[in-house]
**Student:** 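Okay, handing you the structure first.
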Number of protein chains: 2
Amino acid sequence: MQKRVTSFDVARKAGVSRGVVSAVLNQTAGIRVSEETRAAVLQAIEELGYRVDVQARGMRLGRSQCFAAFGNMDNPLFLQMLQGFQKHCTQAGYHVLLYGTDQDEAARYELLEMFRERRIDGIVSKDATQYADEAWAQAIQENKIPYISVDGYAENEAVCSVLMDYKASMKIALDHIWQKTSSSPIYMEVYSGPAYSLNWGDRQRRLGYEEWMIEHGLNPTTMNRMRNDREPNRSEWVSILREMELPAAVVCNWSYGARRIYEACHELHLRIGKDVYVMAADNTEQVNAYMIPPLSAVEVPYRQMGELAAQRLLQYVTGDVSLADTTTIRVPCRLEIREN
Amino acid sequence: MQKRVTSFDVARKAGVSRGVVSAVLNQTAGIRVSEETRAAVLQAIEELGYRVDVQARGMRLGRSQCFAAFGNMDNPLFLQMLQGFQKHCTQAGYHVLLYGTDQDEAARYELLEMFRERRIDGIVSKDATQYADEAWAQAIQENKIPYISVDGYAENEAVCSVLMDYKASMKIALDHIWQKTSSSPIYMEVYSGPAYSLNWGDRQRRLGYEEWMIEHGLNPTTMNRMRNDREPNRSEWVSILREMELPAAVVCNWSYGARRIYEACHELHLRIGKDVYVMAADNTEQVNAYMIPPLSAVEVPYRQMGELAAQRLLQYVTGDVSLADTTTIRVPCRLEIREN
DNA sequence: CTGTTAGCGCGTTCAG
DNA sequence: CTGAACGCGCTAACAG
C-alpha cells in the first residue's frame with residue numbers, strides 16, 4: 001500500500017508530540033503553542049507534504065463535513081439551486097454529495113441511512129411546490145437530521161423550508177406588463193393533468209392575479225389549459241389566440257404556456273411583443289432567454305435559495321440555530337426583463 | 001452527544017466478538033461464521049438499528065467510496081454527464097461529491113488536496129473539447145489519481161478520456177439532411193472569437209463535412225461566423241440568409257448558429273423546414289427541442305459518457321484496470337430527429 | 001471449522 | 001506542551 005504521511009511523522013520531524021500538530025492545525029483552544037514550535041510544525045508539514053486524513057478526523061469528531069443534495073436531475077431548477085448551495089458550502093469548508101433521481105421518491109429514504117452511517121451531516125432537497133410528505137417529515141424529526149426543503153412543505157410549520165412569495169411575484173409581473181402595455185392582462189393558467197388542479201404556488205399566483213386586477217379596477221379574465229409536452233394541442237392554442245382582442249397582454253403561470261402562445265402566434269403570423277405581449281411567472285424549462293424574442297418573466301431565485309439553505313444547514317450543524325427552529329426562510333422573486 | 005450504536009453493542013447483544021460482526025457484514029474471506037451466529041448477529045443489528053460508521057471503515061480501508069465530479073455548472077452538458085455518472089456510481093455503492101465552478105480553473109487543483117486528504121478516491125471532469133492542460137495531467141499522474149476527462153485531452157494518450165467521434169457525427173448529420181432535402185448542404189461554422197479558430201472537435205467536424213461532400217460529388221460550401229451571445233449581429237445573419245439559394249440546407253457545428261438562422265428566418269418571414277432546412281451538430285444550450293419548430297441534431301451522448309467514466313473509474317479503484325491503462329473510451333453520437 | 005484477541009489506522013482531546 | 005485514552009471497524013494471527 002501507499003505509504004502515507006501521518007501526523008506522527010510530522011510530530012517526529014518537528015520534535016513535538018502529535019497533539020501539537022493537531023493544535024497547530026486547528027488552533028485548539030486550551031493548547032497554547034509557542035511561535036517557534038508552531039513554525040517548526042508548519043515547516044515539517046510543508047516539507048513532508050502532510051494532509052490530515054479527513055476520515056480519521058471525521059470519525060473522531062462525529063461529523064463528515066458533507067451535506068446531501070437531493071432532487072430531480074431532469075429539473076434544471078434543481079441544478080440552479082445546487083449552484084448556490086454548493087458555493088456557500090464550499091466557502092464554509094463543507095462538501096456536497098449529490099443524490100439525483102428521476103422521480104424516484106424511494107431513493108429519498110436512503111438518505112436516512114447515509115445520515116446514520118455518518119456519511120452526511122444534513123440534507124437539502126429541491127421538492128415540488130406541493131410536496132409535503134408526512135412520513136418523511138417524521139423520519140427527519142425522529143432522527144434529528146438537519147434538513148431543509150426548497151419549495152416543499154409550504155404549509156407545514158414543523159419542517160424548515162425556503163420559499164418564494166408566489167403571490168407577490170404575480171403582482172410584480174402584472175405591474176410590469178401593465179406599465180408596458182396598458183392592456184388588461186389575461187391570466188393563462190397551465191396545470192399538469194389529467195384533472196384541473198393547482199399546487200400551492202399556483203393557488204398563490206392565482207390569488208395574486210385576482211387581487212391585483214381588483215386593485216386596478218379591472219375584470220379578472222382567466223383561462224386554463226392542461227400541460228402536455230408530448231402532444232401539445234396546437235389547434236386549441238391557436239383558437240385561444242384567435243379569440244383574443246388584439247393587442248393582447250397575457251401572463252402565464254408557467255413558461256410552458258408562453259411557449260404555446262409563441263407557437264400559435266407563429267402559426268397565425270402574429271408578432272410577439274406587438275400583437276401579443278406575453279410574460280411568464282417561471283422559467284421551468286430554462287429557455288426563456290432563448291425564445292425569439294426573449295421571454296420576460298418573474299422567476300424563482302433558486303440560486304439564492306440554495307445559498308440560504310446552505311446557510312441554515314450550517315447553522316444547524318454548528319448549533320447556532322436549534323434544530324427545533326424551523327422558521328420558514330422567505331425570498332423575493334426576481335424580475336427578468338428580456339424584451340430588448 | 002448522541003449515543004451511537006457500535007459494532008461492540010451488536011457483538012455483545014449477539015453474544016459474539018466484534019470481529020464476527022464485521023465478518024458477517026462483509027462476508028470476509030477467511031472468517032467463517034455458522035448460520036446460527038450469523039442470524040443472531042443480523043438480528044442484533046436489526047433490533048439495535050446498527051449502521052457501520054463509514055468514516056471509521058473508510059479510515060481503516062483507506063478508501064472513501066466517493067468520487068469527485070468537476071465541471072462548469074453553467075454548462076447543462078456537465079449536468080447531463082453527471083446524471084449518467086451518478087447513476088452508475090450509486091449502483092456500485094459509490095458516492096458523488098460535486099465540485100462545480102464557474103470557469104474557475106484554479107478550483108480544479110483543490111481536488112488534489114481532497115485526494116490527499118482521502119476525501120475522494122478518484123475524479124471525473126467535464127472539460128472543454130480543447131482542454132489539455134499539461135500541468136494537470138502531470139499532477140494526476142504524480143499523485144496516481146484515478147481520473148477521467150470527459151471531452152478533454154483528446155490528443156493526449158497519457159490521460160484517460162471519454163470522447164465522441166465528431167467526424168463521424170457530422171457525416172451522420174449530413175446523411176440525414178441529404179435524405180431529407182437532397183439539397184447540397186452548406187456548412188455554417190461558428191467559432192468563439194475574437195479570432196477564427198477551431199477546437200479539436202470542430203476540426204473533426206469540418207473534416208467530416210469535407211470528406212462527406214467529396215464522397216457525394218458535391219462542392220463543399222463553408223462559412224464561418226463568430227459567436228456573440230450578447231449582441232448577435234442580426235443583420236449579418238439576415239444577409240447570409242438573403243444570399244442563399246432557396247430552398248437551402250444548412251448544418252451548423254453549434255446550435256447557436258441554428259438559432260441565429262431561425263431568427264433571421266423569422267425576420268425575413270421564411271419558413272424553417274421548408275425554405276430553409278437546418279440541423280445542428282450539438283445541443284450546447286439544451287434548447288433544440290424547444291425551438292419552433294424543434295431542431296434536429298446529432299448530439300453528444302453525455303449521459304452515456306458519464307456512465308462510462310464511472311465504470312472505468314470503478315475499475316481503477318478496484319484494480320481491475322491498471323492506472324497505467326489510459327486507453328481512450330469512445331462513444332458514438334446520438335441522432336436526434338425532432339422535425340415532426 | 002468456528003470464533004477470539006489484539007493491534008492497527010489517524011487525529012483529537014484532556015488531565016497532568 | 002506531553003502522554004495516553006478514545007472513536008469505530010477491520011483483519012491477521014491464534015486458540016478451541
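Naming: A, B, ... by sequence-line order, numbering from 1 per chain.
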**Student:** Using a cut-off of less than 4.0 Å, is there contact between a side-chain N or O of B:R18 and OP1 or OP2 of D:dC10?
**Tutor:** no
**Student:** State which residues pass salt bridge (Lys or Arg N to Asp or Glu O under 4.0 Å) with A:D9; sequence neighbours excluded, sorted by chain then number.
**Tutor:** A:R12
**Student:** Within less than 4.0 Å of OP1 or OP2 of D:dC8, is there a side-chain N or O belonging to A:R118?
**Tutor:** yes
**Student:** For B:K87, is the NZ atom crowded, meaning more than 12 foreign heavy atoms sit under 6.0 Å from it?
**Tutor:** no
**Student:** From C-beta outward on A:L61, which listed nucleotide comes closest to its side chain: C:dC10, D:dC8, C:dT13?
**Tutor:** C:dT13
**Student:** Run the side-chain donor-acceptor check on residues 307-314 of chain A: report pairs under 3.5 Å with partners two or more places apart or on a different chain.
**Tutor:**
residue, atom, partner, partner atom, Å
A:R312, NE, A:Q315, OE1, 3.2

**Student:** Look at A:T37 and D:dC1 and indicate whether a side-chain polar atom (N or O) is within less than 4.0 Å of OP1 or OP2.
**Tutor:** yes
**Student:** Would you please name every residue forming a side chain to side chain contact (heavy atoms under 4.5 Å, CB included) with A:I145, sequence neighbours left out?
**Tutor:** A:L112, A:F115, A:I123, A:I140, A:N143
**Student:** Just how large is the angle between the end axes of the helix from C:dC1-D:dG16 to C:dG16-D:dC1, five pairs per end, to 10 degrees?
**Tutor:** 50°
**Student:** With sequence neighbours excluded, what pairs up with B:F67 under the ring pair (Phe, Tyr, Trp, His ring centres under 6.0 Å) test?
**Tutor:** B:Y94
**Student:** Counting heavy atoms from C-beta on, name the nucleotide in C:dT4, D:dT2, D:dA5 closest to the side chain of A:S17.
**Tutor:** D:dT2
**Student:** If you look only at pairs with a residue in residues 96-106 of chain A, which of them pass as a salt bridge (Lys or Arg N to Asp or Glu O under 4.0 Å), with sequence neighbours excluded?
**Tutor:** A:E105-A:R108
